[in-house]
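Throughout, a chain's letter reflects where its sequence line sits, starting with A, and its residues are numbered from 1.
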There are 2 protein chains.
Amino acid sequence: MKIRIKDIADRAGVSTGTIDRVIHGREEVSPGTRSRVLSILKEMRYEPDILASSLASRRPFRIAVLIPFHTPENWFWKDPMNGINNACSELNHFRIEVKEFLYDQFDKNGFLEKSVELLESFPDAVIAAPVFNHETREFFDRCHEQSIPFISMNDNIRHPEQVAYVGQDPRQSGAVAAQLMKTGTNGQGKILVISIARDMDNYNHILNREKGFREYWEKLNGSAVPEIITRAIPKDTYNYIKRTIGGMFEEFSDIRGIFVTNSRVYQVARFLHNTEQKNIMLVGYDLINPNIKYLNNDTIDYLISQKPHEQGYKALMTIFNALRLNKKPTPELLIPIDIICKENLCCYQV
Amino acid sequence: MKIRIKDIADRAGVSTGTIDRVIHGREEVSPGTRSRVLSILKEMRYEPDILASSLASRRPFRIAVLIPFHTPENWFWKDPMNGINNACSELNHFRIEVKEFLYDQFDKNGFLEKSVELLESFPDAVIAAPVFNHETREFFDRCHEQSIPFISMNDNIRHPEQVAYVGQDPRQSGAVAAQLMKTGTNGQGKILVISIARDMDNYNHILNREKGFREYWEKLNGSAVPEIITRAIPKDTYNYIKRTIGGMFEEFSDIRGIFVTNSRVYQVARFLHNTEQKNIMLVGYDLINPNIKYLNNDTIDYLISQKPHEQGYKALMTIFNALRLNKKPTPELLIPIDIICKENLCCYQV
DNA sequence: AAAATTTCCGTGTGCGCACACGAAATTACA
DNA sequence: TGTAATTTCGTGTGCGCACACGGAAATTTT
């Protein structure tokens with residue numbers, strides 16, 4: 001039923017050793033038999049038995065991870081790493097090893113150093129998050145030169161050679177936020193779009209989310225459309241935010257909703273809570289603790305989850321499936337845009 | 001590093017064959033050595049290598065599935081079965097076999113026949129959906145007698161011996177629907193709760209969803225609370241539904257929202273669409289085609305997904321993990337209560 | 001033409017486990 | 001005490017593959 005190396009060998013009139021050499025692309029095979037074996041392999045649709053293969057090979061399958069490290073103040077990259085490690089432990093029967101190359105997400109040189117270190121370790125595959133766009137692109141080129149397959153997560157840079165991209169569509173998530181806003185405000189009044197970001201971190205995401213948010217209303221015809229006021233806040237200290245948002249409330253009347261384009265939404269929630277403004281609809285991103293706190297006391301109405309854990313998990317699973325099981329993935333693995341409220345929160349917490 | 005049977009054998013002063021007999025609970029081992037080996041196994045924390053184990057054993061791991069079949073008119077059980085089959089093909093390296101025992105969900109005798117047939121095939125594990133509560137309970141007892149592990153999905157019956165339950169919390173999903181309703185109506189006006197169900201299928205689910213919906217408003221203090229009017233519709237023909245709902249609109253003024261407690265929400269959507277009532281908020285269940293149609297044309301505002309595919313997938317994965325990998329699962333595997341709108345629909349469609 | 005390389009390929013062993021077979025030890029029975 | 005029956009256990013083989021080793025054939029060198 002199942003085709004084994006032995007079957008191929010019999011058919012080709014050579015020994016299993018030769019088949020093995022062909023399969024693994026090793027030398028010491030004459031061009032003639034090599035091409036003959038290759039065609040028989042294809043013809044008989046040989047697929048290696050991953051059980052026997054993993055059992056017999058001493059060397060583990062080594063995956064290198066190149067993402068920023070997390071700190072007590074910046075836990076953003078903690079969940080993706082956990083997701084990767086969880087996937088790894090689920091697959092550890094297959095002798096998988098994950099090696100972490102973690103860098104400071106604000107230090108370009110640190111990134112470069114780590115990426116060199118990574119390439120010198122000659123891993124079997126790479127998972128990377130493109131924080132520094134240009135540098136990551138060069139790093140991927142280097143991977144390709146060394147013929148190391150790689151996968152990108154969280155932020156798409158569409159390298160022609162990448163196995164896949166795992167992440168969320170930021171435009172679409174902006175549209176989801178707009179739909180929630182429409183349900184809550186019915187298109188009346190004004191809506192603020194607030195981006196709180198120092199150092200432009202994740203700036204692409206923020207821009208695209210806002211874009212998707214605005215496009216939603218443009219596509220709407222016939223219904224009422226609110227006035228949308230955008231503001232970028234370059235500092236994430238509470239005092240600064242309080243002053244900025246407070247100023248906007250003085251400047252504009254009839255504000256019905258606020259859409260915060262990233263995880264800093266808890267700062268706006270804090271402001272609304274402190275000033276006891278109950279009837280403002282508030283939507284933001286990410287299930288981090290301060291956000292959850294304000295979700296539970298009804299200051300934040302909805303959060304959109306990026307599912308960082310699942311991103312890491314899927315990245316590892318996908319690259320394993322692609323390389324060990326020969327299952328070619330869809331090039332863009334889009335993570336669902338989950339809408340979280342107080343009532344369904346519990347199911348999403350790991 | 002890793003403990004093998006050989007290590008245990010050396011330690012116990014016997015051969016690997018004896019260890020094998022102890023591990024598999026076979027006879028032909030003296031009580032003395034058996035207990036000695038058992039304690040050494042525990043002490044050294046032996047865990048079998050599932051790779052080698054699957055490779056060496058000729059017999060596949062046979063899983064029996066006892067759920068209703070689906071028809072062109074009743075596709076409810078199609079996705080769970082697909083989820084099971086997908087999980088199976090992901091695990092098929094490990095020599096897994098799924099055998100389906102499908103019955104008519106309205107025919108109790110058919111269920112009984114299939115369950116007898118199943119037990120006579122002596123599977124290694126069972127996945128079942130408890131449509132007939134009492135009969136399923138007896139069936140689980142029978143499984144336990146034959147020492148066949150089993151897992152229940154979609155509807156919880158809490159059998160003491162079951163490996164786990166996979167499904168959604170219907171109460172909580174009712175609360176989610178209520179939260180959406182509150183966002184959309186702000187607690188003003190009246191809300192209808194409609195249950196369209198012939199033959200009381202899934203009746204428990206329906207009751208609990210309504211319960212959760214009502215409890216949400218009871219817990220609310222300080223805010224406006226709408227008047228909630230419940231109605232059960234025992235037939236699912238459009239004419240009947242049109243008459244009933246039409247009557248309610250005549251009877252009650254200021255209806256702002258409708259919550260349909262199951263997948264028949266498309267019938268209500270059809271009514272609203274035909275009568276051109278645009279400002280009624282409509283929330284229901286399940287991503288089935290007619291519902292998706294009305295979601296896309298803005299008649300249905302939100303759908304709650306039961307993720308039937310994921311339920312089947314998780315059921316199989318869980319029982320495999322529990323039995324082959326010795327990973328004990330959490331007894332209740334609750335599927336997230338996903339909120340679907342037109343904008344995030346695409347990510348959830350398989 | 002013999003020797004020295006180099007190219008090409010077959011054989012054998014082991015990964016950790018399952019299971020069949022048969023041997024040894026023990027017990028039962030005459 | 002000897003034999004048969006039974007219990008208890010060890011050995012060997014195979015699952016499909018990876019990889020080391022060494023041998024034969026082809027090629028080059030002397």
Partner residues of [X] under the salt bridge (charged side-chain N to carboxylate O under 4.0 Å, His left out) criterion, sequence neighbours left out:
X	result
A:Asp10	A:Lys6
A:Arg36	none
B:Arg58	none
A:Lys99	none

**Message:** Without decimals, in angstroms, what is the distance between B:Ile23 CD1 and C:dA18 C1'?
**Reply:**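 Distance, rounded to whole Å: 10 Å.
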
**Asked** Once you round it to whole Å, what is the distance between C1' of D:dC9 and CD1 of B:Ile19?
**Response**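 It is 11 Å, rounded to the nearest whole Å.
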
**Request:** Work out which heavy atom in B:Glu97 is nearest to a heavy atom in B:Pro60; give both atom names and the distance.
**Result:**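 Closest approach of B:Glu97 to B:Pro60, heavy atoms only: OE2-CG, 3.5 Å.
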
List, with names and distances, any nitrogen or oxygen atoms from the protein found under 3.5 Å away from nitrogen or oxygen atoms belonging to nucleotides 15-17 of chain D.
from   : atom 1 : to      : atom 2 : distance (Å)
D:dG16 : OP2    : A:Arg4  : NH1    : 3.4
D:dG16 : N2     : A:Ala52 : O      : 3.4
D:dC17 : OP1    : A:Tyr46 : OH     : 2.5
D:dC17 : OP1    : A:Asp49 : N      : 3.3
D:dC17 : OP2    : A:Ile5  : N      : 2.7

**Message:** Looking at A:Lys2 and A:Glu47, is any side-chain nitrogen of the basic one under 4.0 Å from a carboxylate oxygen of the acidic one?
**Reply:**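 The answer is no: the pair does not qualify as a salt bridge.
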
**Request:** With sequence neighbours excluded, give me every salt bridge (Lys or Arg N to Asp or Glu O under 4.0 Å) pair touching residues 111-131 of chain A.
**Result:**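 Listed once each, the pairs are A:Lys114-A:Glu117.
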
**Request:** Give the B/S/- string for nucleotides 7-13 of chain C, one per nucleotide from 5' to 3', where a protein heavy atom under 4.0 Å of the base yields B, of only the sugar-phosphate yields S, and otherwise -.
**Result:** -SBBB--

**Message:** Between A:Thr18 and A:Val14 (side chain of the first, backbone of the second, donor and acceptor by atom type, cut-off under 3.5 Å), is there such a pair?
**Reply:**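 No, A:Thr18 side chain to A:Val14 backbone: no donor-acceptor pair under 3.5 Å.
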
**Prompt:** To the nearest 0.5 Å, how far apart are CD1 in A:Ile96 and CD in A:Glu90?
**Reply:**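 If we round to the nearest 0.5 Å, A:Ile96:CD1 and A:Glu90:CD are 11.0 Å apart.
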
Side-chain donor/acceptor pairs under 3.5 Å, residues 138-149 of chain A, sequence neighbours excluded:
from     : atom 1 : to       : atom 2 : distance (Å)
A:Asp141 : OD1    : A:His159 : NE2    : 2.7

**Prompt:** For the helix from C:dA1-D:dT30 to C:dA30-D:dT1, what angle lies between the axis at the first five pairs and the axis at the last five pairs, to 10 degrees?
**Reply:**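 Rounded to the nearest 10 degrees, the bend comes out at 60°.
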
**By side-chain hydrogen bond (donor to acceptor under 3.5 Å, both in side chains) - contacts of B:Arg21 (at least two apart)** =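 By the side-chain hydrogen bond (donor to acceptor under 3.5 Å, both in side chains) rule, B:Arg21 matches no residue at all.
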
**Asked** Can you pull the ring-ring contact (aromatic ring centres under 6.0 Å, His included) pairs that have at least one residue in residues 78-103 of chain A, sequence neighbours excluded?
**Response**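 As it turns out, the ring-ring contact (aromatic ring centres under 6.0 Å, His included) pairs with a partner in residues 78-103 of chain A, which skip direct neighbours, are A:Phe94-A:Phe320, A:Phe94-B:Phe94, A:Tyr103-A:Phe111.
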
Kindly give the atom pairs (protein nitrogen or oxygen, nucleotide nitrogen or oxygen) under 3.5 Å for nucleotides 23-27 of chain C.
none

**Request:** Give the intermediate values and the outcome of side chain to side chain donor-acceptor pair (under 3.5 Å) for residues B:Arg324 and B:Ser53.
**Result:** CA-CA 10 Å; B:Arg324 295 287 311 193; B:Ser53 170; 3.2 Å; yes

